[in-house]
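Nothing here was measured: the structure is a model prediction, and the numbers come from that model.
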Amino acid sequence: MGKNNNGKSKISVTNFSFYYGKFQALRDITIDLPANKITSIIGPSGCGKSTFLRSFNRMNDLIPLTHTTGKIEIDEKNIYETDVVELRKRVGMVFQRPNPFPKSIFENIAFGPRTHGIRDKQVLNKIVEKSLRQAVLWDEVKDNVNKSGLALSGGQQQRLCIARALAVEPEVILMDEPASALDPIATLKIEDLIHQLKEKYTIVIVTHNMQQAARASDFTLFFNMAEDRAGYLVESGETVTIFTNPREELTEQYISGRFG
């Protein structure tokens, strides 16, 4: 599982463990994630799903006293031996609640490219339009790109944040419960958008919503929490298999709502 067209995984995780100080949050995870697919991570609260997701672009580095063992590779390169600025250009992140900068729609999207040295207004104009089109937001905002991003609806703000992530041309997009703060119609728009994006990007989503995982992902990882509260991977596989014929009884119990 998890190979791209060259027979390689986009993301390879080997014996990966994560610690907050002495507390072990993730234990010994080994998994390959496929290129140009949507992988969902499901499991009860506190089992380390978001910690695992944030490991892929080293967001956890910002938290004091954390450390890891094992390795994570993207295209066979160890991310802990990679320049972190370059890594975060390749691995974009969309958070649970929309978090536009208090700037115009245009400046929200131009921010990343400018950070990476692009100053030419015509080039920035093209990047902004392309990113908004990819995020299926262009037609709604094209006449108001100088309006504050904070003036948009919640669903539009989340698509703006996705456009902002796309503007630096990442290869991987991480989404931490990207629709949990949205209404059902906005949620379906985000799910439709994610499906369109997988043609060009590898997408990893954390979700508490079983229906969303079943609808919106190709592969699913099910995490649980051990007695010492360390998160571990119970089972992984194609989403349709995980939801209709899981190997592990624990997976069946979680999916059917008997715990979690």
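- In this model, a donor atom of one side chain and an acceptor atom of the other lie less than 3.5 Å apart for D32 and S12.
- Listed here is the closest heavy atom pair of V91 and P170: N-CB, 4.3 Å.
- Separation of atoms CD (E169) and OH (Y201) is listed at 7.0 Å; rounding is to 0.5 Å.
- Contact record, A213 with T207: CB-CG2, 3.8 Å, taken as the closest heavy-atom pair.
- Taking the six-membered ring for Trp and the full ring otherwise, the centers of F52 and F223 sit less than 6.0 Å from each other.
- Between the N36 side chain and the E199 main chain, a donor and an acceptor come within less than 3.5 Å of each other.
- Of the N and O atoms on the side chains of D28 and S17, not one donor lies less than 3.5 Å from an acceptor on the other residue.
- In this structure, R164 is not positioned above the aromatic face of F111 in the sense of NZ or CZ being under 6.0 Å from the six-membered ring centre and within 45° of the axis.
- When side chains are defined from C-beta on, S40 does not count as touching L221, because their heavy atoms never get closer than 4.5 Å.
- The hydrophobic cluster containing L166 does not contain I118, counting ILVMFWY residues as joined when their side-chain heavy atoms lie under 4.5 angstrom apart, directly or transitively.
- Side-chain heavy atoms closer than 4.5 Å link hydrophobic residues (I, L, V, M, F, W, Y) into clusters, and following such links, even through other members, never connects L150 to V128.
- Put simply, the side chain of I203 reaches to within 4.5 Å of the side chain of L197, judged on heavy atoms.
- More than 12 non-hydrogen atoms from other residues, nucleotides or ligands lie less than 6.0 angstrom from CZ of R215.
- In this structure, E171 does not pair ionically with K200, as no charged nitrogen and carboxylate oxygen lie closer than 4.0 Å.
- For K89, the NZ atom counts as densely surrounded, since its 6.0 Å shell holds more than 12 non-hydrogen atoms of other residues, nucleotides or ligands.
- Residue Y254 holds its OH atom at 10.5 Å from CG of L250, rounded to the nearest 0.5 Å.
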Q. Can you check side chain to side chain contact (heavy atoms under 4.5 Å, CB included) on K142 and L132, steps first, answer last?
A. CA-CA 9 Å; K142 62 185 176 187; L132 287 168; over 6 Å; no
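- With hydrogens and angles left out, the side-chain atoms of T220 and T239 include a donor and acceptor closer than 3.5 Å.
- Side-chain atoms of N144 do not come within 3.5 Å of backbone N or O of K147 as any donor-acceptor pair.
- Considering CD of E235 and CD1 of I255, their distance stands at 7.5 Å, rounded to 0.5 Å.
- With contacts defined as side-chain heavy-atom distances shorter than 4.5 Å, the pair S148/P102 does not qualify.
- In this structure, T202 and I38 have side chains that are not in contact, with every pair of non-hydrogen atoms separated by 4.5 Å or more.
- The two residues A135 and A163 have their closest heavy-atom pair at CB-CB, 3.7 Å.
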Q) I41 and F222: side chain to side chain contact (heavy atoms under 4.5 Å, CB included), yes or no, with the steps? A) CA-CA 6 Å; I41 306 172; F222 169 52; over 6 Å; no
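- With rounding to the nearest 0.5 Å, the separation of CD1 in I109 from CD1 in I127 is 10.5 Å.
- If you take CD1 on I173 and CZ on R90, they are separated by 13.5 Å, rounding to the nearest 0.5 Å.
- Side-chain contact annotation: T66 with N60, donor-acceptor N/O pair under 3.5 Å absent.
- Residue E238 holds its CD atom at 10.5 Å from OG of S217, rounded to the nearest 0.5 Å.
- Residues I105 and W138 fall within the same hydrophobic cluster, defined by Ile, Leu, Val, Met, Phe, Trp and Tyr side chains chained together at heavy-atom separations under 4.5 Å.
- In this structure, the side chains of K49 and H208 come closer than 4.5 Å at one or more pairs of heavy atoms.
- Counting heavy-atom neighbours within 6.0 Å of L62 CG, excluding the residue itself, gives a total above 12.
- In the hydrophobic cluster analysis, where Ile, Leu, Val, Met, Phe, Trp and Tyr join through side-chain heavy atoms closer than 4.5 angstrom, F23 is grouped together with M59.
- I194 and F219 sit in two unconnected hydrophobic clusters of ILVMFWY residues. Membership requires side-chain heavy atoms under 4.5 Å apart, directly or through other members.
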Q: List the steps and the verdict of salt bridge (charged side-chain N to carboxylate O under 4.0 Å, His left out) for K71 and E73.
A: CA-CA 7 Å; K71 66 180 175 180; E73 295 175 303; 3.7 Å; yes
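- When every heavy atom of P113 is checked against every heavy atom of A167, the shortest pair comes out as CG-O, 3.7 Å.
- When each of L33, D218, L53, I31 is paired with T39, the side chain to side chain contact (heavy atoms under 4.5 Å, CB included) condition holds for L33 and for no other.
- For the residue pair R27/N15, the side-chain donor-acceptor check at 3.5 Å is not satisfied.
- Here the side chains of F101 and E107 are not in contact, with every heavy-atom distance at 4.5 Å or above.
- In terms of heavy-atom proximity, S55 sits nearest to F18 at OG-CD1, 4.2 Å.
- For R97, the CZ atom is loosely surrounded, since the number of other residues' heavy atoms within 6.0 Å does not exceed 12.
- Side-chain contact between V136 and R133 is absent, with no heavy atoms from C-beta onward closer than 4.5 Å.
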Q.
What verdict does the salt bridge (charged side-chain N to carboxylate O under 4.0 Å, His left out) test give for D61 and R58, after you've listed the backbone C-alpha separation in whole Å, the side-chain angles of each residue and the deciding distance to 0.1 Å?
A. CA-CA 5 Å; D61 289 12; R58 292 176 52 186; 2.7 Å; yes
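- If you run side chain to side chain contact (heavy atoms under 4.5 Å, CB included) between V94 and each of E177, R159, Q158, only Q158 comes through.
- Side-chain atoms of Q24 and Y232 include no donor-acceptor pair closer than 3.5 Å.
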Q: List the steps and the verdict of side chain to side chain contact (heavy atoms under 4.5 Å, CB included) for I72 and N78.
A: CA-CA 6 Å; I72 297 175; N78 189 331; 5.8 Å; no
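- Within the 3.5 Å criterion, the main-chain N or O of K103 finds a donor-acceptor partner in the side chain of N108.
- Between Y19 and L26, the closest side-chain pair of non-hydrogen atoms is not below 4.5 Å.
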(Q) Determine whether V85 and H116 satisfy the following criterion, side chain to side chain contact (heavy atoms under 4.5 Å, CB included), listing intermediate values before the conclusion. (A) CA-CA 9 Å; V85 174; H116 293 285; 4.1 Å; yes
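- In this structure, K121 satisfies the cation-pi test against F106, with its NZ or CZ atom closer than 6.0 Å to the six-membered ring centre and inside 45 degrees of the ring normal.
- Across every non-hydrogen atom of P178 and M175, the tightest pair is CG-CB, 3.7 Å.
- In this structure, E191 contributes its side chain and A216 its backbone to no donor-acceptor pair below 3.5 Å.
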